[in-house]
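Report on the following structure.
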Amino acid sequence: MIITNIQLTPPQISGNAEGTGIPLSVAPGYKYEDGKRTEEITHIKVCVVFVDKAYEKMKVKVTDLKAVLTQEMIDAAGGKMKVKFKNLTGKIYRTNSGVYDVSASADGVEVIA
């Protein structure tokens, strides 16, 4: 079995079946070609804290560009906003320094509280 082929589920990533967490920030994610960033936005990056996972912080790549989540909304909520990720999945990967880490992605994000 190759560890990088394992798909992680919402409970394994977020600590809950719904894939919910508290957003800290949101930023555009850009397409890269030949190792250089283009101006094309292909996703958004949501930095989130998973309360049910011992307050673990992680960035989730969300492919739905129509998702209504802005930094202004997060700032105005003052840490009291909760989001739910649609089809949250994760993968284990190895960094250039040889350390294993986890990446997460989702089809969408929705504000639930």
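These values consider heavy atoms only, across backbone and side chains, with no hydrogens, waters or symmetry-generated copies.
Counting heavy atoms from C-beta on, the side chains of E18 and P10 never come closer than 4.5 Å. For the pair I74/L69, a side-chain contact is recorded, criterion being any heavy-atom separation below 4.5 Å from C-beta on. Using a 4.5 Å cut-off on side-chain heavy atoms (C-beta onward), V109 and D64 make no contact.
Rounding to the nearest 0.5 angstrom, the gap separating the OG atom in S103 from the NZ atom in K59 is 13.0 Å. Taking CG from N16 and NZ from K84, the interatomic distance works out to 9.5 Å, rounded to the nearest 0.5 Å. In this structure, OG1 on T89 lies 5.5 Å from CD on Q7, to the nearest 0.5 angstrom. Atom NE2 of H43 sits about 12.5 Å away from atom NZ of K31, to the nearest 0.5 Å. Taken to the nearest 0.5 Å, the OG1 atom of T38 stands 9.5 Å off from the OH atom of Y30.
Few gaps surround NZ on K91; more than 12 heavy atoms of other groups in view lie less than 6.0 Å from it.
Transitive grouping of hydrophobic side chains (ILVMFWY, heavy atoms separated by less than 4.5 Å) keeps V99 and I92 in distinct clusters. Hydrophobic clustering of Ile, Leu, Val, Met, Phe, Trp and Tyr side chains at less than 4.5 Å, counting indirect connections, keeps L88 apart from V49. Linking Ile, Leu, Val, Met, Phe, Trp and Tyr whenever their side-chain heavy atoms come within less than 4.5 Å leaves M81 and I112 in two separate clusters. Both L24 and Y55 are part of a single hydrophobic cluster, where members link through side-chain heavy atoms under 4.5 Å apart. When hydrophobic clusters are built by joining Ile, Leu, Val, Met, Phe, Trp and Tyr residues whose side-chain heavy atoms come closer than 4.5 Å, directly or via intermediates, V62 is not grouped with I22.
Listed here is the closest heavy atom pair of A67 and I44: CB-CD1, 4.2 Å. Here the shortest heavy-atom pairing between V26 and T70 reads CG1-C, 3.6 Å. M58 and V102 make their closest contact through CE-CG1, 3.7 Å (heavy atoms, listed as atom of the first residue, atom of the second, distance). Residues G19 and S14 share a closest heavy-atom pair of CA-OG, 3.4 Å.
Side-chain atoms of K86 never come within 3.5 Å of backbone atoms of A106 as a donor-acceptor pair (strictly under, hydrogens ignored).
Of the candidates I13, V46, T20, D107, V46 is the only one forming a side-chain contact (heavy atoms from CB on, under 4.5 Å) with F85.
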